[in-house]
Amino acid sequence: QVQLVESGGGLVQAGGSLRLSCVASGRIFSMNDMAWYRRAPGKQRELVAGITRGGSTNYADSVKGRFTISRDNAKNTVHLQMNSLKPEDTAVYYCNADVVTYLTTKGYQYWGQGTQVTVSS
């Protein structure tokens, strides 16, 4: 089994910064694409940022220039640096990873439990 555990959420004023981290553990053979999603109250879950194993990134238009996704393949971690936060960034943020384990020959999607980010105006 694989577990993803997020940390770093909290309450911050508009214009502030937070850094989210996600650590994967378990019988991991390799980590493929990793990503951060979020779900705001009353809204559908949306992709915030993604990163391939090779380091190619993509971002939602709403966070471009403010958020930066990064990863450490040796430590099976992914981070999301969030700057210039806005009240509309308030949401539960979820880590997602495509993981190949020692028991499988292809990747499966795993999700973290989520971490709350609240931005006050």
Side-chain angles (χ1 to χ4, degrees):
Q1 271 289 25
V2 174
Q3 287 188 325
L4 302 182
V5 179
E6 301 106 333
S7 62
L11 173 64
V12 65
Q13 288 188 332
S17 298
L18 284 173
R19 180 177 171 86
L20 304 183
S21 296
C22 173
V23 180
S25 61
R27 300 173 63 93
I28 299 169
F29 177 73
S30 68
M31 307 277 292
N32 298 323
D33 293 352
M34 304 183 78
W36 288 94
Y37 286 76
R38 68 186 180 188
R39 177 173 285 163
K43 295 186 178 181
Q44 290 188 328
R45 184 176 62 194
E46 63 172 347
L47 174 67
V48 176
I51 185 168
T52 67
R53 182 171 179 81
S56 296
T57 59
N58 63 285
Y59 297 92
D61 288 342
S62 58
V63 307
K64 283 181 181 177
R66 299 188 298 122
F67 290 10
T68 302
I69 188 171
S70 61
R71 65 188 288 171
D72 184 333
N73 291 332
K75 297 181 179 180
N76 292 331
T77 61
V78 62
H79 305 283
L80 185 68
Q81 178 67 43
M82 304 185 295
N83 298 328
S84 302
L85 282 161
K86 304 175 181 180
E88 51 264 44
D89 294 319
T90 295
V92 179
Y93 284 71
Y94 297 91
C95 175
N96 169 265
D98 184 84
V99 183
V100 180
T101 71
Y102 286 102
L103 301 177
T104 62
T105 57
K106 66 175 185 177
Y108 286 90
Q109 296 289 311
Y110 290 89
W111 293 87
Q113 80 289 351
T115 185
Q116 176 70 47
V117 171
T118 302
V119 184
S120 63
S121 57

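Atom CD of Q44 and atom CZ of R39 lie 8.0 Å apart (nearest 0.5 Å). The OG atom of S30 sits 4.5 Å away from atom CG of N32, with the distance rounded to the nearest 0.5 Å. Between the OH atom in Y94 and the OG1 atom in T115 there is a gap of 10.0 Å [rounded to 0.5 Å]. Between the CD atom in Q116 and the OG1 atom in T90 there is a gap of 7.0 Å [rounded to 0.5 Å]. Here the CD1 atom belonging to I51 is positioned 5.5 Å from the CD1 atom belonging to I69, to the nearest 0.5 angstrom. Here NE2 of H79 is found 6.5 Å from CG of D72. Values are rounded to the nearest 0.5 Å.
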- prompt: Going through the checks in order, is the side-chain contact (heavy atoms from CB on, under 4.5 Å) test met by T118 and S120?
  reply: CA-CA 6 Å; T118 302; S120 63; 5.7 Å; no
- request: Could you go through the side-chain contact (heavy atoms from CB on, under 4.5 Å) check for F67 and D89 one step at a time?
  value: CA-CA 11 Å; F67 290 10; D89 294 319; 3.9 Å; yes
- request: Let me see the working for K75 and V23 under side-chain contact (heavy atoms from CB on, under 4.5 Å), right down to the final yes or no.
  value: CA-CA 8 Å; K75 297 181 179 180; V23 180; over 6 Å; no
- request: Quick one: do T101 and Y110 satisfy side-chain contact (heavy atoms from CB on, under 4.5 Å)? Show the steps, please.
  value: CA-CA 11 Å; T101 71; Y110 290 89; 4.1 Å; yes
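The number of heavy atoms from other shown groups lying within 6.0 Å of CD (E88) is above 12. More than 12 heavy atoms of other residues, nucleotides or ligands sit less than 6.0 Å from atom CZ of R19.
In this structure, S17 and N83 approach most closely via the heavy-atom pair OG-OD1, 2.9 Å. Scanning all heavy atoms of the two residues, the minimum distance from V5 to Q113 falls at CA-OE1, 3.9 Å. Summarising the geometry of L4 relative to A97, their closest heavy-atom pair is CD1-N, 3.8 Å, with the distance given to 0.1 Å. Here the shortest heavy-atom pairing between S121 and P87 reads CB-CG, 3.8 Å.
Checking side-chain atoms of Y59 against main-chain N and O of G65 turns up no donor-acceptor pair under 3.5 Å. Checking side-chain atoms of E6 against main-chain N and O of C95 turns up a donor-acceptor pair under 3.5 Å. Proximity of a side-chain donor or acceptor of R71 to a complementary backbone N or O of D33 within less than 3.5 Å is not detected.
V100 belongs to a hydrophobic cluster whose other members, connected by ILVMFWY side-chain contacts under 4.5 Å either directly or through intermediates, are F29, Y102.
Side-chain atoms of R38 and V117, non-hydrogen and from C-beta on, never get closer than 4.5 Å to each other.
The hydrophobic clustering, which links ILVMFWY residues whose side-chain heavy atoms are closer than 4.5 Å, places L47 and L80 apart.
Pairs engaging residues 48-61 under the salt bridge (Lys or Arg N to Asp or Glu O under 4.0 Å) rule: D61-K64 [sequence neighbours left out].
Residues that satisfy the ring pair (Phe, Tyr, Trp, His ring centres under 6.0 Å) test with Y37, not counting sequence neighbours, are W111.
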